[in-house]
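Below: the structure, in structure tokens.
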Amino acid sequence: MNPELSATRKVASFDVFYTQILDPEGHLVGTPPAFAQDADELRAMYRLMVITRAFDKKAVALQRTGSLGTYAACLGQEAIGVAMGFALRAEDVLIPAYREYAAQFKRGVPMENILLYWGGDERGMRYPAGTPAAHDFPLSVPIGTHIPHAIGVAYAFKLKKENRVALVSFGDGATSKGDFYEAVSSAKVWNLPIVFLVSNNQWAISMPRARQTGAQTIAQKAFAGGMPGEQVDGNDVLATRLVLERALERARQGGGPSLIEAITYRLHDHTTADDARRYRSEAEVQAAWARCPIKRYKAWLEASGHWSAADEERLQAEAAAAAEAAARNYLNTPPEPPGAIFDHVYASLPKALEWQRAEVIARGPIGGEH
Amino acid sequence: MNPELSATRKVASFDVFYTQILDPEGHLVGTPPAFAQDADELRAMYRLMVITRAFDKKAVALQRTGSLGTYAACLGQEAIGVAMGFALRAEDVLIPAYREYAAQFKRGVPMENILLYWGGDERGMRYPAGTPAAHDFPLSVPIGTHIPHAIGVAYAFKLKKENRVALVSFGDGATSKGDFYEAVSSAKVWNLPIVFLVSNNQWAISMPRARQTGAQTIAQKAFAGGMPGEQVDGNDVLATRLVLERALERARQGGGPSLIEAITYRLHDHTTADDARRYRSEAEVQAAWARCPIKRYKAWLEASGHWSAADEERLQAEAAAAAEAAARNYLNTPPEPPGAIFDHVYASLPKALEWQRAEVIARGPIGGEH
Amino acid sequence: MAPTPNEAQNLTIIEAINLALHAEMARDPSVLVLGEDIGKNGGVFRATVGLLDRFGEDRVVDTPLAETLVAAMAIGLSTQGFKPVAEIQFSGFLYPCVDQVVNHATRLRNRTRGRLSCPLVIRAPNWGGIHAPEHHSESLETTFAHMPGLRVVCPSNPARAYGLLLAAIRDPDPVIFLEPTRCYRLFKQPVEDHGEALPLDTCFVEREGTDLTLVSWGAMMHDTRLAADRLAEEGIGAEVIDVATLKPLDMDTILASVAKTGRCVIVQESPRAGGWASEIAANLAEHGLLSLFAPVMRVSGYDTVMPLARSERVYIPDVDRILKEVRKVFEIAPKS
Amino acid sequence: MAPTPNEAQNLTIIEAINLALHAEMARDPSVLVLGEDIGKNGGVFRATVGLLDRFGEDRVVDTPLAETLVAAMAIGLSTQGFKPVAEIQFSGFLYPCVDQVVNHATRLRNRTRGRLSCPLVIRAPNWGGIHAPEHHSESLETTFAHMPGLRVVCPSNPARAYGLLLAAIRDPDPVIFLEPTRCYRLFKQPVEDHGEALPLDTCFVEREGTDLTLVSWGAMMHDTRLAADRLAEEGIGAEVIDVATLKPLDMDTILASVAKTGRCVIVQESPRAGGWASEIAANLAEHGLLSLFAPVMRVSGYDTVMPLARSERVYIPDVDRILKEVRKVFEIAPKS
Ligand SMILES: Cc1ncc(C[n+]2csc(CCOP(=O)(O)OP(=O)(O)O)c2C)c(N)n1
Ligand SMILES: Cc1ncc(C[n+]2csc(CCOP(=O)(O)OP(=O)(O)O)c2C)c(N)n1
Ligand SMILES: [Mg+2]
Ligand SMILES: [Mg+2]
């Protein structure tokens, strides 16, 4: 036998890269992207982050006082929603999970719509006509199930030769679901214009990231579909927007799908129905506060001369007022009439359901509550 | 700004390797594994390959003459089943798809059982007590759905501190299913003793491998779960057994799960209900015959002095006789009595079903057919 | 390959389905088909034969082997102005679509108060009787018919297959379209390619009669018709109703018939408990009780796992079993 | 944390479930629990509180977020001598388990003619009424009850929750165990930790009566009991039956009751069409017709998508709606 015989050879290789521009203290560790030339834009991004946090706080308060149902806070993850809102074009379609409120706001969803939804009113997901959000998907509660919708949406873009991208966002927990993988596995088959964006906030309710999957990074799950996968500091709004814009642009140019793992941290309980102290340490949460996306971005904006204490004061007041107004609008929205539960089950009410609707209407209001 | 700032760094890397020992002509291109020292073992492997092919031919013939239902042939893929049969230990559990008959035979399933199953008789999957197969899973028709069963089986081994491995096998098409991915994603979470074995036969009915998924290799899908993934020439029984034994051994030693993509080719129609000429060229099939696993292994055995023309003649006769006997046993198996459809729905018949069973029994035989 | 329109052809059910797909794809560029092996291979039952050559691979989409994906992709497409018609190879492989169908397809309109909607069709061969392997002979209609926001349609002859499939594709809401596998090539019927859809909210009274109402759908319609023939020979006039549009259910037609006949036997192939025959019988127990001369009998599959081929005829109802229940009815309430 | 056995404690339903899990895991080392957030977090409804500390993470298995996997893993475990009890957080997330349950859990015994089997339980909170977000208020019982080879169990009070869960875990076949979310902490009842299972094939006659049979299960039992109270005040004696073991269905008990009362109203929360009330009514239309004085009325959810919190009370039946149907029955067939 020939001792030099080598039975094994390498046939493929894959790398995962990580990008960060601003470190937790707000120091540059990478070259700022082109969009950072525009100070107004930089301030608008900051403004949206702060307004989103004010909204979040208000929503939690409404729930605590019994005026809102279960609410999923985005505390600590605002940079991702902001990056999405600014990276997307109006004509793109967003297929979101439920913690990217900043993106919804940027695309034209009034704050009170989000409150209505968590308050138990379907009208919350009827986004205003004429806004970019009007063609976006609603929040998706069954984890991961919305991800493969992006395949159909992006296929439609491709077939119609439209220059649009489907951006689908979800959490680290969602990357365990078959629905996620079936989409990842097939997106490249048709080279579809899709960006998969994972908000890896380290937790899926009480399940820490390390026990969610055997994979060292979530980004590498992209390789299962033969597409690029990369990591970004999801608490760094500059890096997240940059990486996302690149992926969207590649998709728009026919370069196909890709996956971004944005690394962040869920500073709040999972939802208002959860008590995270049961399963994670205060120390961990405190350490995560040091990496807060707003803090670092503000520090850099200030250091760059784009932001002042006076600006901050004005913005905080504006943000609180906006959240307050949204809460008022929400609380002042009368419930739908009872018969409305029949109005959108089908495009038009089937004969077989007429008596049911009549029964409900005859009965009158039952006491719709907030 | 500091022009040297580098925003991006590599955080993880993955490689896919391919192993082949015997080339299509039966020449060594790699060092033969240790088990190849044992000529009896080498001949036993060859014997099982040839017997399996004879069985396959007989089964197709039975179907063509109306004596068997739809049958899924393993023509061209025999090396994988043989490698499985020889690599597994008796105490391991096999969770198979439906083209690995050689493995079933090696583990003690009588040939007529396989015929009974495809002939529409549930008793085919009642494997004989006392054989290694007795604790194996039955064939699985709903593609990929059996794969996550391996998680539960292997978890049980781990919990009971048993030194056993779950080997789960399936096709390239199955690697598009969420069930496959949910298992891959989580196997390493518990570092379970599982080997995922893909028979990549290039086709899922009419869907060619290249359009099944965007991934360049099936092996790399392992990375989605943070486990090793490798390719092997699945028509090379030496390499396939070697790679499989290594993976089983690693799992047995606590090294955790891994995935093997065995590259082969489906020489037959998908099943007897299919006509592959509709979607693939004769030229492709002819080219694949040149890579036939039996041909190359025989050539090498002969060249190594382990096999003679006389051996071959005896074996061919023996194989044909075995298939013939199995067919006879199958055809001579009288159908179950009609009431049997109730006997294993629950461990004991619920009261609510008693009248249904009585009705069936009162009615008598309906004409069970082959 | 393209059939000539406006000329009645003698077609089987599978040919009528193929014709409807050709017709609607030609008429409406937003219609596309997707599924496993539906392109070059023309579908495992040949329902999509000729579509790839005629409409190209953009609109005739061979998908990876992933039924959840197929349903989800159809949902995505349907939100973007397309009318996807997805094929699942056998109804036993519809289960991975259930989550997508119930949690998204049937709800997107309601969830967004009409802002988005899902005009899609999922087709699958349903029921047993062709000696197929395990999981290829399932009865899925009631699993879906229980879901609000869905339509469930089960044609039982070529003309209805054609007209109902057109209706299903044109309907603005999701439709599950279950085809009778064992009747695909059982008989022919003249089918005109007139592009006219049939209504999705009305049972078909196939045959009038005053003594007994026989109700069925899908593959069991065949045996039900044969049973009615046998009864006619005996001088019993059975009214035969094809509940081709199971959901939403047109009880009016059934109740009107039972008001006339006073006797009803319902025939389904699915397991008995919780089958759609139970829904119909429950409505009779509520709205038809006073017209009933006799108990409402259900002929059905048993509450067993669908047996493999050798025993499938033990499970699937047949003319004898239908007649046996009919006899019970007339024993209790003899024809006067 | 471990409860003291053999001493009646006043418990809520969720506490009784927790107690049963503790008791059976202590008694039988082959029992293990798995699901999302059931370990440290003790389950989103706290059903598994204390199990991790007491039995360790080998037997109290926090799974990744993948319901298909949870069901499939339970199947794998159940073939290896374990008795897995899987928790799905809300029944609306059971849909991804359907394929595994119907195509494997319910069939492995039959498919192998008894060689392998699946003694497993899948638990989930079911039904609405707690103002939860979308998909957290679904009614899944009939989807599963239609499947042969399965048991479907729905307890309606603490003692039954305890005894039926023990029975479900000990049963040699797969059981879907659906718990009434909105009753989890609604009331207490003395529950003795005696380790005795309740039968899985018998309805519970909770209250005897001769005028009317009221049939329900799960969360709607609460309103059904209240309705019976109200009727009692009016001098109407309602026999109240809890069909806690929906599948296989004990019709004998219901038929015996209706034979006595001649009137029946069935109360379910799920959408009306194809719900389990229809199965019961259909059986009455077949076997009870001659005892019925009046139509069998079904009180049910509507055939709409389950509404979000603000409108859920429009959808969920209540005492008024139950009484309204009861009145119709007595209008047609007055108490003599
Ligand atoms: C299919 C499904 N299973 C379970 C749940 C309950 N649940 C809600 S959120 C959640 C965790 C989600 O984790 P992740 O995807 O990381 O998103 P995050 O909430 O952290 O943003 C779970 C288990 C659900 N909504 N859907
Ligand atoms: C869930 C499911 N979907 C569809 C089918 C129909 N079907 C049977 S085999 C097959 C292709 C399987 O391809 P692969 O996994 O590569 O295995 P192979 O047959 O090539 O060995 C399909 C689509 C099925 N059996 N199960
Ligand atoms: Mg998370
Ligand atoms: Mg294949």
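Letters A, B, ... mirror the listed sequences (proteins, then strands); counts begin at 1. Hydrogens, waters and symmetry mates play no part in the numbers below; they use all other heavy atoms, side chains included.
- In terms of heavy-atom pairs under 4.5 Å with chain D, the best-connected choice from B:A156, B:P142, B:A340 is B:A156.
- With a 4.5 Å cut-off on non-hydrogen atoms, D:L69 touches chain B through its backbone and its side chain both.
- Atom CD1 of B:I151 and atom CG of D:L77 lie 10.0 Å apart (nearest 0.5 Å).
- When heavy atoms are compared at a cutoff of 4.5 Å, B:I341 approaches chain D solely by way of its backbone atoms N, CA, C and O.
- Within the 4.5 angstrom heavy-atom criterion, only backbone atoms of B:A134 (N, CA, C, O) approach chain D.
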Suppose we count any N or O donor within 3.5 Å of an acceptor, strictly below that value; which pairs fall between chain B and chain D?
from: B:E122; atom 1: OE1; to: D:R113; atom 2: NH2; distance (Å): 3.2
from: B:M125; atom 1: O; to: D:R115; atom 2: NE; distance (Å): 2.9
from: B:M125; atom 1: O; to: D:R115; atom 2: NH2; distance (Å): 3.1
from: B:A133; atom 1: O; to: D:R115; atom 2: NH1; distance (Å): 3.4
from: B:A134; atom 1: O; to: D:R115; atom 2: NH1; distance (Å): 2.7
from: B:D136; atom 1: O; to: D:R115; atom 2: NH1; distance (Å): 2.7
from: B:D136; atom 1: O; to: D:R115; atom 2: NH2; distance (Å): 3.1
from: B:T145; atom 1: O; to: D:Q100; atom 2: NE2; distance (Å): 2.8
from: B:T145; atom 1: OG1; to: D:H104; atom 2: NE2; distance (Å): 2.6
from: B:H149; atom 1: NE2; to: D:Q100; atom 2: OE1; distance (Å): 2.8
from: B:Y155; atom 1: OH; to: D:D58; atom 2: O; distance (Å): 2.5
from: B:K160; atom 1: NZ; to: D:Q80; atom 2: O; distance (Å): 2.9
from: B:D179; atom 1: OD2; to: D:Q100; atom 2: NE2; distance (Å): 3.0
from: B:E182; atom 1: OE1; to: D:L69; atom 2: N; distance (Å): 2.8
from: B:E336; atom 1: OE1; to: D:R113; atom 2: NE; distance (Å): 3.1
from: B:E336; atom 1: OE1; to: D:R113; atom 2: NH2; distance (Å): 2.7
from: B:E336; atom 1: OE2; to: D:R113; atom 2: NE; distance (Å): 2.9
from: B:H344; atom 1: O; to: D:N110; atom 2: N; distance (Å): 3.3
from: B:Y346; atom 1: OH; to: D:G149; atom 2: N; distance (Å): 3.4
from: B:Y346; atom 1: OH; to: D:L150; atom 2: N; distance (Å): 3.3
from: B:Y346; atom 1: OH; to: D:L150; atom 2: O; distance (Å): 2.7
from: B:A347; atom 1: N; to: D:D173; atom 2: OD2; distance (Å): 2.7

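- Of the residues considered (D:L34, D:I75, D:L249, D:L32), D:I75 shows the highest number of contacts with chain B, using heavy-atom pairs under 4.5 Å.
- Heavy-atom distances place the side chain of D:L108, and not its backbone, under 4.5 Å from chain B.
- Taking every heavy atom of both residues into account, D:P64 and B:V189 meet most closely at CG-CG2, 4.5 Å.
- Heavy-atom pairs under 4.5 Å with chain D peak, among B:P350, B:P138, B:A352, at B:P138.
- Chain D forms more heavy-atom pairs under 4.5 Å with one residue of B:A150, B:P148, B:G124 than with any other, namely B:P148.
- Neither the backbone nor the side chain of D:L200 comes within contact range of chain B; no heavy atoms are under 4.5 Å apart.
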